[in-house]
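What follows is one structure encoded as structure tokens, with my remarks underneath.
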Amino acid sequence: ERLVADADEAGTSLVFLDTGGPSYGSIRTLSQVTGDPAADSAVLSNRGAVWLEDVVPHPITASLTGERVPLLASGSWHAAFSGYSGYTLATIGNDRDGMLGSGIGYQRRTLSSNHILLSAAAPSPWTTWEPAVREVLVDAVGHAASAEYGAVSGVVTDGAGEPLPAAVELVGGFETTTADGAGGYER
């Protein structure tokens, strides 16, 4: 927990990598220490090819094209996560089991940092990367290194100008916040 707290305080992004198998990776540790994501699962070999799908357009996923993106060769260990408080940018699955859960996660942490979770990008002798792993890893590290976000604030009012509590979604930014009883919000 201290690493996450110190990174947030310093405005430093963290990229968490994982893979299946006995060594697991940093997403498993993040889940065990903070409870977020709520669960992770490791999948051993003999499940066929591993792929990403349901890819959400984002700078982290910019290099991924197609409906089902090959990620790891058949027989590679891999992982998935679920119950993440951030956003899922792609799901991960394999030929034998189908969709397993989240494969890429993203969460803005401060005005200059984020967390990025890549469930099948940790180096492992039991994993054979397809070209997409390298590409998404480069995109993720680039996005983490250049994280910079603005802040917004305002007051939600009704037609008569009276403040309203409300849910506020920042369009195109993967961000939401809630307006308080006086209609004020800040993110």
Side-chain angles (χ1 to χ4, degrees), residues 1-18 25-41 52-65 67 69 79-93 99-119 121 136-187:
E1 288 183 61
R2 184 170 175 186
L3 172 68
V4 172
D6 287 350
D8 285 349
E9 186 175 322
T12 301
S13 295
L14 297 173
V15 179
F16 297 91
L17 307 177
D18 219 317
S26 56
I27 295 175
R28 179 178 176 86
T29 303
L30 181 67
S31 176
Q32 290 174 331
V33 172
T34 67
D36 189 21
D40 72 295
S41 60
L52 292 172
E53 63 182 11
D54 302 324
V55 176
V56 174
H58 189 276
I60 296 167
T61 59
S63 62
L64 303 177
T65 59
E67 289 185 31
V69 180
F81 58 92
S82 62
Y84 184 50
S85 65
Y87 298 95
T88 294
L89 299 181
T91 57
I92 189 168
M99 199 276 291
L100 301 169
S102 297
I104 300 176
Y106 159 81
Q107 182 182 62
R108 183 187 97 163
R109 300 292 293 189
T110 70
L111 291 178
S112 62
S113 70
N114 54 47
H115 283 180
I116 300 170
L117 283 60
L118 303 175
S119 71
V136 78
L137 185 56
V138 168
D139 290 343
V141 170
H143 188 72
S146 64
E148 189 174 310
Y149 306 98
V152 335
S153 62
V155 177
V156 177
T157 59
D158 64 15
E162 295 297 314
L164 292 172
V168 178
E169 179 178 348
L170 307 177
V171 178
F174 290 95
E175 303 294 330
T176 61
T177 190
T178 303
D180 61 24
Y185 66 92
E186 184 175 357
R187 178 75 180 153

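Reckoned from all heavy atoms, side chains included, excluding hydrogens, waters and symmetry mates.
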Looking at every heavy atom in both [X] and [Y], which two are closest together, and how far apart are they?
X      : Y      : answer
Glu1   : Thr34  : CG-CG2, 4.2 Å
Phe16  : Ser26  : CA-OG, 3.2 Å
Gly105 : Phe81  : N-CZ, 3.6 Å
Ile116 : Ala140 : CD1-O, 3.2 Å
Ser13  : Ala144 : OG-O, 2.9 Å
Leu30  : Pro37  : CD2-CD, 4.1 Å

Test side-chain hydrogen bond (donor to acceptor under 3.5 Å, both in side chains) applied to [X] - qualifying residues, sequence neighbours left out:
X      : result
Ser85  : Asp36, Gln107
Ser82  : none
Ser113 : Thr110
Ser31  : none

Item to check | CA sep, side-chain torsions, deciding dist, call: Ser119, Ile27, side chain to side chain contact (heavy atoms under 4.5 Å, CB included) | outcome: CA-CA 7 Å; Ser119 71; Ile27 295 175; 4.2 Å; yes
Checklist outcome for this item: So the salt bridge (Lys or Arg N to Asp or Glu O under 4.0 Å) pairs with at least one residue in residues 2-13 (sequence neighbours excluded) are Arg2-Asp6, Asp8-Arg109
Between atom [atom1] of [X] and atom [atom2] of [Y], what is the distance when rounded to the nearest 0.5 Å?
X      : Y      : atom1 : atom2 : answer
Leu118 : Ile60  : CG    : CD1   : 7.5 Å
Asn114 : Glu148 : CG    : CD    : 12.0 Å
Met99  : Ile92  : CE    : CD1   : 11.0 Å
Ile104 : Thr88  : CD1   : OG1   : 10.0 Å

Would a 4.5 Å heavy-atom cut-off, applied to side chains only, mark [X] and [Y] as touching?
X      : Y      : answer
Thr61  : Val69  : no
Val56  : Tyr87  : no
Leu117 : Ser102 : no

Checklist entry - Does the pair Leu17 and Leu137 meet the rule for a side chain to side chain contact (heavy atoms under 4.5 Å, CB included), with working shown? => result CA-CA 9 Å; Leu17 307 177; Leu137 185 56; 3.8 Å; yes
Checklist entry - Which side chain to side chain donor-acceptor pair (under 3.5 Å) pairs, counting each pair once, include a residue from residues 136-145, with sequence neighbours left out? => result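 Pairs touching residues 136-145 that pass the test: Ser63-Asp139.
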Checklist entry - Going through the checks in order, is the side chain to side chain contact (heavy atoms under 4.5 Å, CB included) test met by Val33 and Val4? => result CA-CA 10 Å; Val33 172; Val4 172; over 6 Å; no
